[in-house]
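Have a look at the structure below, then the notes.
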Amino acid sequence: MNSAKLSLDIEGQRHELDLPVIIGSEGEKAVDIRGLRKNTGVVCLDPAFGNTASTLSAITYIDGENGILRYRGIPIEQLGEHSTFCETSYLLINGRLPNRGELEGFRNRLTMHSLIHEDMKSFFNGYPSTAHPMAILSAMVCSLSAFYPDALDATNTELFDITATRLMSKIRTMMAFAYKKSIGQPFVYPRNDLTYCANIVNMLFSVPCEPYHVDEEIVKVMNLLLILHADHEQNCSTSTVRMVGSGQANLFASIASGICALWGPRHGGANQAVIHMLERIHASGESVDKYVERVKDKNSGARLMGFGHRVYKNYDPRALLIKKAADRVLSKLGIDDPLLDIAKRIEEAALEDSYFKDRRLYPNVDFYSGIIYRALGFPTNMFTAMFALGRLPGWIAQWKEMNEDPKTRISRPRQIYTGHTVREYVPLDDRE
Ligand code: CMC
């Protein structure tokens, strides 16, 4: 076994340690510090985990220096070109591409579980029409555990397949119902003759009073967007799903917490924030150069939304594919969106600017995705819910990997306490 020699001098006390070195299948190296505290009494401090691998995982590989992303070894570019969201979901969850029969079976199961319990419909009525879809979606996903109590036992791995299928299938219906509720239209039920993505489009955009034709171009780009969002190893929401799941919370509850973690503008909420940023620039007439100057000023509190990434120090490969798709879709649909033009000019200005160059900040997945969703007719506050729908198979695969590993322990970081040392309780009458 490879090992690393670590020599520590802590307040005059010397420690010589032989720590195991774990080498990943792509050559990444990690010093295994699990024995550090036991042998030395000290822990590592790494807020935001910039230097910490929280797990071994065989699902997704990212090489942030070279802009590489692979699911189960397969490059994202190949999946984007040849696969469907259903097939990619199968790949992520089961570890390999399905054969024809397995894919058919998976698709059929997703089709057969799309209805939600009729009683759940009344939940939607409790929300104001202004409710953010992420608030509704996270609550609805968690509520599934009330309707499928067999899923409460996270340790029962025999129930995993049916629970994951229910979740992947019903999330579309719940998301579409949340949207219909927000615009005051009747719910549109799922249809068994439509594919996974066509069903989403139909439930969102059709109305019972007239025929609706699902545009294959929309279905194609939706497949692409969902594939590109399907997993991204140990990001904020996935780590949340794993952390909650490590306490043996059921799959529905774990994923609901992932949806909440995704919501913030530094994470999945960035796709909504990008559009708001572009709209503001468009409406105010502020020049792109001036805006770029503003986000460089730390006192402005503004960031260039859709730019930067903890892992990618190069162009995010997903952003490259989405940018190309945005051009294609907008031209096919005959849409001339001024926001696309502003986005491209911002990208050009930022990539030439030393602030962004020095910090290696490039467009990420969220920079252009909102422009496509806008062109397809999605309201801005639905963008992050679409991200959640795309990320679902990744969360499920990561939860499964964590749950099936006999070595999984509850996630429980330590801290360095910086508060008061011991002091006496002062009775209320004696306080100043
Ligand atoms: N605009 C301006 N400055 C930035 C930006 C940005 N978008 N991103 C990072 N920086 C600066 C940051 O101020 C810091 O500068 P300095 O070294 O002078 O203090 C430096 O770059 C490093 O930034 P950081 O905040 O330490 O980096 P991080 O790895 O903690 O954060 C990030 C990563 C994605 C949260 C951040 O780049 C960001 O806030 N981007 C905008 C929000 C966004 O687009 N989020 C979507 C991420 S991709 C999809 C997803 O994960 O959901």
Side-chain angles (χ1 to χ4, degrees), residues 46-54 60 62 64-65 67-69 76 134 225-242 257-278 280-281 288-323 339 343 346-373 380 383-392 394-395 398:
D46 184 21
F49 310 122
N51 206 41
T52 296
S54 61
T60 288
I62 303 177
E65 294 299 318
I68 290 172
L69 170 63
I76 192 68
M134 290 293 275
L225 286 172
L226 296 182
I227 289 170
L228 298 182
H229 286 85
D231 195 44
H232 215 232
E233 49 117 306
Q234 308 312 317
N235 54 80
C236 171
S237 56
T238 302
S239 298
T240 302
V241 169
R242 277 184 177 259
S257 58
I259 295 175
C260 292
L262 183 76
W263 194 352
R266 295 258 159 122
H267 192 10
N271 54 13
Q272 177 175 342
V274 168
I275 294 297
H276 287 152
M277 173 184 81
L278 297 173
R280 272 197 306 272
I281 297 172
V288 159
D289 289 341
K290 212 163 157 207
Y291 191 78
V292 169
E293 281 310 309
R294 190 136 65 87
V295 293
K296 284 158 50 180
D297 173 9
K298 296 278 193 281
N299 298 321
S300 72
R303 281 194 168 196
L304 186 49
M305 299 314 288
F307 254 71
H309 199 275
R310 173 67 58 82
V311 182
Y312 292 120
K313 300 301 165 201
N314 201 326
Y315 215 109
D316 180 336
R318 304 167 299 173
L320 268 182
L321 296 169
I322 293 178
K323 185 181 176 186
L339 300 196
I346 288 182
E347 180 191 330
E348 225 173 83
L351 294 185
E352 301 222 320
D353 191 297
S354 60
Y355 175 96
F356 293 89
K357 276 190 192 163
D358 294 350
R359 290 170 179 76
R360 303 175 74 193
L361 303 170
Y362 292 85
N364 60 47
V365 69
D366 293 314
F367 196 62
Y368 287 107
S369 62
I371 289 174
I372 301 186
Y373 283 131
T380 315
F383 296 177
T384 313
M386 286 305 294
F387 191 152
L389 198 135
R391 184 54 53 87
L392 187 58
W395 287 331
Q398 301 271 351

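For ligands, and for the atoms within them, numbers begin at 1 and follow the listed sequence. Bear in mind the structure is a predicted one, so any value in this text is a computation, not a measurement. Heavy atoms only: backbone and side chains are in, while hydrogens, waters and symmetry mates are out.
Under the 3.5 Å distance criterion, the side-chain polar atoms of Thr384 are left unmatched by any main-chain donor or acceptor of Trp263. No side-chain donor-acceptor contact under 3.5 Å links Arg391 to the backbone of Ser237. Put simply, the side chain of Arg359 gets close to the backbone of Tyr355: a donor and an acceptor are under 3.5 Å apart. Panel note: side chain Asn364, backbone Gly308; a donor-acceptor pair is recorded below 3.5 Å.
Taking each of Arg359, Arg391, Arg310 in turn, the one with a heavy atom nearest to atom 33 (C) of ligand 1 proves to be Arg310. Evaluated by nearest non-hydrogen atom to atom 49 (C) of ligand 1, the leading choice among Asn364, Asp316, Asn271, Asp366 is Asp366. Of all the listed residues (Phe356, Tyr362, Tyr355), Tyr355 holds the heavy atom that lies closest to atom 3 (N) of ligand 1. Considering each of Gly306, Ala270, Gly308, the one bringing a non-hydrogen atom nearest atom 37 (O) of ligand 1 is Gly308. The nearest non-hydrogen atom to atom 32 (C) of ligand 1, considering only Arg303, Met277, His229, comes from Arg303.
For the atom pair CZ of Phe367 and NZ of Lys323, the computed distance is 9.0 Å after rounding to the nearest 0.5 Å. Taken to the nearest 0.5 Å, the CD atom of Glu233 stands 8.5 Å off from the OG1 atom of Thr238.
Polar contact with ligand 1: absent for Arg318 (N/O pair, distance under 3.5 Å). On a distance-only criterion, Lys298 and ligand 1 share at least one N/O pair closer than 3.5 Å.
Using a 4.0 Å cut-off between heavy atoms, Ala273 makes no contact with ligand 1 at all.
Shortest contact from atom 42 (C) of ligand 1 to any protein heavy atom: Met305 CE, 3.5 Å. Of the protein's non-hydrogen atoms, Phe307 O, 3.4 Å is the one closest to atom 41 (C) of ligand 1. Ranking the protein heavy atoms by distance from atom 9 (C) of ligand 1 puts Leu361 CD2, 3.6 Å first. Closest to atom 45 (N) of ligand 1 among all protein heavy atoms lies Arg266 O, 3.0 Å. The protein heavy-atom contact nearest to atom 51 (O) of ligand 1 is His267 ND1, 3.1 Å. The shortest contact between atom 1 (N) of ligand 1 and any protein heavy atom is with Leu304 N, 3.0 Å.
Side-chain contact check for Ser369 and Asn271: no donor-acceptor pair (N or O, by modelled atom type) lies under 3.5 Å.
Checking atom 27 (O) of ligand 1 against the protein gives no heavy-atom contact under 4.0 Å. For atom 22 (C) of ligand 1, no protein heavy-atom neighbour is present inside the 4.0 Å cut-off.
Aromatic ring orientation, His232 versus Tyr312: tilted (interplanar angle from 30° to 60°).
A heavy-atom distance below 4.5 Å is found between the side chains of Glu347 and Tyr368.
Listed by number with element, the atoms of ligand 1 under 4.0 Å from a non-hydrogen atom of Phe387 are 52 (O). For ligand 1, the atoms lying closer than 4.0 Å to a non-hydrogen atom of Gly268 are 52 (O). Ligand-side atoms of ligand 1 in range of Val365: 49 (C), range being under 4.0 angstrom from any heavy atom. The ligand atoms of ligand 1 that sit less than 4.0 angstrom from a heavy atom of Pro265 are 42 (C), 45 (N).
The aromatic ring centroids of His276 and Phe383 lie 6.0 Å or more from each other.
Salt-bridge annotation for Glu293 and Lys296: present, with a side-chain N of the basic residue lying under 4.0 Å from a carboxylate O of the acidic one.
For the pair Arg360 and Tyr362, the cation-pi test (distance below 6.0 Å, angle within 45°) is failed.
In this structure, Phe367 has no heavy atom closer than 4.0 Å to ligand 1.
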